[in-house]
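For the numbers below, each heavy atom of this structure counts, side chains included, while hydrogens, waters and symmetry mates do not. So that the names make sense, note that chain A is the first sequence line, chain B the second, and so on, each numbered from 1.
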Amino acid sequence: MEAFKNPLSFQLKAEDFLPADESEKQQLVVMRESTTFWKDALRRMLQNKVAMTAFVVIILIMLFAFVMPNFYPYTYDQQIRGSEFLHPMEYSEEEMATIQAGGSVFPHILGTDMHGRDMVIRLMMGARVSLLVGIIASVLVLVIGTIYGAISGYCGGMVDLVMMRIVDIILSIPDMLMIILLQVTLKTPLTNLFEAHPSLAWLQNLGVPMVSIFLTFSLLYWVGMARIVRSQVISLKEQEFVTAARALGASGKRIVSKHLIPNCLSVLIVTTTLEIPTAIFTEAFLSFLGLGVMSPMASLGSLASDALGGIQSYTYLLIAPAVAISLIILSFNLFGDGLRDAFDPKLKENKK
Amino acid sequence: MGAYATKRIGYALLTIFFISVITFTLMNLIPGGPFLSEKNIPKETVAALNAKYGLDKPLPQQYLNYMGKMLTGDLGDSLKQKGRSANDIILTAFPTSAKLAGISILIAVILGIIMGSVSALNRGRFSDRALMVLSTLGIAVPSFVMATFLLIIFGVKLKCLPTFGLRSAAAYILPCTTLAFYPMSYITRLMRSGMLDALDQDYIRTARSKGVGRMILLYKHALRNAVLPVITYLGPLIAYMVTGSFVVEKIFNIPGLGREFINCITARDYPMVMSTTIFLAVLIVVMNLIVDLCYKLVDPRITLQ
């Protein structure tokens, strides 16, 4: 019968309509579980050896800076009489006497400075200050830049034009000069302010130089972030889900905070991570010029600056803070680069 | 070009105006005025001094006076270095810094372009990897760390190069290396990605299929396009040289404007700090303007937005 079938006939074969058996069903199952955007990024991140090494280094430095000082036998402002300018692992005469008498003295692993302060603990405190400055300043930049950029991008039109012109002008102001000027001039007004308002005491604990660093960052450095957020928001706000939200009656505030900002989260994370080394760099630069933290507090920049005076005979005092600061900046840079590649693999392909 | 240039010049003027307002306001935030900080001076003397320097007038009036003077090229007097005007100090110190910065910019641009191209052409090979490690380090190491390491190695341990002043040609080596290292690393990276981008383009393949020689292909077709991002970087580079000079001149004890500025800050010589800030800020803004206009000439595709 089959052989004589007219090719133009509409007669159907019965076996084509049999229910599929198990083996046929199996072929239609998706090979891999679908992953989310974040899981995908995490997977790529874990594969990136350089970025993961940088991440481990950052964690180690954080432990070194925030946890270890609590268990260390010396404090950062403790001046040990007779132990000035000890070389690494060296003991002063008094300490030798204690050891010979059977007592134990914790070694000065990196030596001591001109006031007999242990360098390891000063390095820890310095790293703590640098990391705190970097993280707090980046968060300030993140908050201000995101709000400003989102408003500018979402409103568009005249508002956008005016807001972006302001950004342009701030961008063309030489930032370092302005920071130095702010550091110089804000000292007295801030001290007066703290004295007049005891409620601001928690700010005073940070110290005037710190507060002015944060102030300058929140005045000048948010512009880059604002630009990035604005361009993201502009490209996102034309998409259908935003139109849908608007059609459902969502307010502008809700659209920005619930729909637009969560969608540029990956860009925000990358930019903030890369902002941290910039902030640390700036703080170190200012401390090195003598405009940063005040003695006896230490930051990596001020440690390097203090060591410069005795560079001929006490080189070791300089090497530790210099290496520490380079290591911190390098690992944050590499980690940030890794995050960028993980979130946006297309970008990496273009760069190659 | 005309409209573009007018707009850019307008922005530059606006920026300079803002900088002068910020500087002026900040300087007036310091309470007590410049004559109160030292010994007990009789009130009449302070009043007389204030009147002499026009500090008794309302602030907007003071600002206008200050700007009026500045427009005629008079930057005011130094408070601490008696009898020297800001003009005098800036004019004697600036050429030294400019020379240092000029040499460093040349080194950074030339070496950066060469290293970036070499790295791109040998992509994935050992020389590429080595250059990338070097430039990654160059970006992460702050200038003062770089300077002090050079100082230790060549000045203290090997004792083969002078570590302060600029009296001989050899004395330029360490400060210029320090200043040039970061921008050189940055330009190397810019150049590498620009070159890789350019080599991927269709017109390069077309040129190669026409039988254009390798050197001409690289120089005339690839390099000219790859070098564009480097030109945009020249603006920030000048700003970097200014801030870099503060550190380098402090470390190597070079009598330039950077060291002068730091000294003024530590001495709380406010009028000098203000004059120097305005001078350097205007310098940076004007240089940025020139770079932008040049970029427009080199690459006419660019628009203001």
Checklist entry - Tell me, side chain or backbone of B:T276 under 4.5 Å from chain A's heavy atoms, or both, or neither? => result neither

Check residues 325-333 of chain A and write down every donor-acceptor pair under 3.5 Å in which the side-chain atom is one partner and the other belongs to a residue at least two apart or another chain.
unit_1 : atom_1 : unit_2 : atom_2 : d
A:S326 : OG     : A:A322 : O      : 2.8
A:S331 : OG     : A:L327 : O      : 2.5
A:S331 : OG     : A:I328 : O      : 3.4

Item to check | Contacting moiety of B:V285, where chain A heavy atoms sit under 4.5 Å | outcome: side chain

Checklist entry - Side chain, backbone, both or neither: which part of B:A239 has a non-hydrogen atom closer than 4.5 Å to chain A? => result neither

Checklist entry - Should we say atom CE of B:M287 is surrounded by more than 12 heavy atoms from elsewhere, each under 6.0 Å from it? => result no

Next on the checklist: Within the 4.5 Å heavy-atom criterion, are A:L318 and B:F144 side-chain neighbours or not?
Outcome noted: no

Next on the checklist: For B:Y186, is the OH atom crowded, meaning more than 12 foreign heavy atoms sit under 6.0 Å from it?
Outcome noted: no

Checklist entry - How long is the span from the CG atom in A:L171 to the CG atom in B:N288, to the nearest 0.5 Å? => result 10.5 Å

Checklist outcome for this item: Taken to the nearest 0.5 Å, the spacing of B:I262 CD1 from A:F288 CZ works out to 10.0 Å

Next on the checklist: With chain A as the partner, which of B:V247, B:L14, B:I139, B:I22 has the greatest number of non-hydrogen pairs under 4.5 Å?
Outcome noted: B:V247

Checklist entry - Checking side chain to side chain contact (heavy atoms under 4.5 Å, CB included) against A:P174, which of B:V242, B:L280, B:I19 comes through? => result B:I19

Next on the checklist: What residues of residues 278-285 of chain A make heavy-atom contacts with chain B at a cutoff under 4.5 angstrom?
Outcome noted: A:F281, A:A284, A:F285

Next on the checklist: Taking the side chain as everything from C-beta on, heavy atoms only, tell me whether A:M176 gets closer than 4.5 Å to B:F246.
Outcome noted: no

Checklist entry - Does a side-chain heavy-atom distance below 4.5 Å link A:L177 with B:F261? => result yes

Checklist outcome for this item: In short, side-chain hydrogen bond (donor to acceptor under 3.5 Å, both in side chains) pairs touching residues 223-232 of chain A with sequence neighbours left out are A:D160-A:R230, A:D168-A:R227

Next on the checklist: Counting C-beta onward and ignoring hydrogens, is there a side-chain heavy-atom pair between A:I180 and B:T277 closer than 4.5 Å?
Outcome noted: no

Item to check | pair B:M274-A:L181: side-chain heavy atoms closer than 4.5 Å | outcome: no

Checklist outcome for this item: Residues pairing under salt bridge (Lys or Arg N to Asp or Glu O under 4.0 Å) where one sits in residues 128-145 of chain B, two or more places apart or in two chains, turn out to be B:D128-B:R192

Next on the checklist: The test is side chain to side chain contact (heavy atoms under 4.5 Å, CB included); show your working for A:I319 and B:F149 and say whether it passes.
Outcome noted: CA-CA 8 Å; A:I319 290 176; B:F149 272 123; 4.0 Å; yes

Checklist entry - Where does A:M164 contact chain B at under 4.5 Å (heavy atoms): side chain, backbone, both or neither? => result neither

Item to check | Interface moiety of A:L334 toward chain B, non-hydrogen atoms closer than 4.5 Å | outcome: side chain

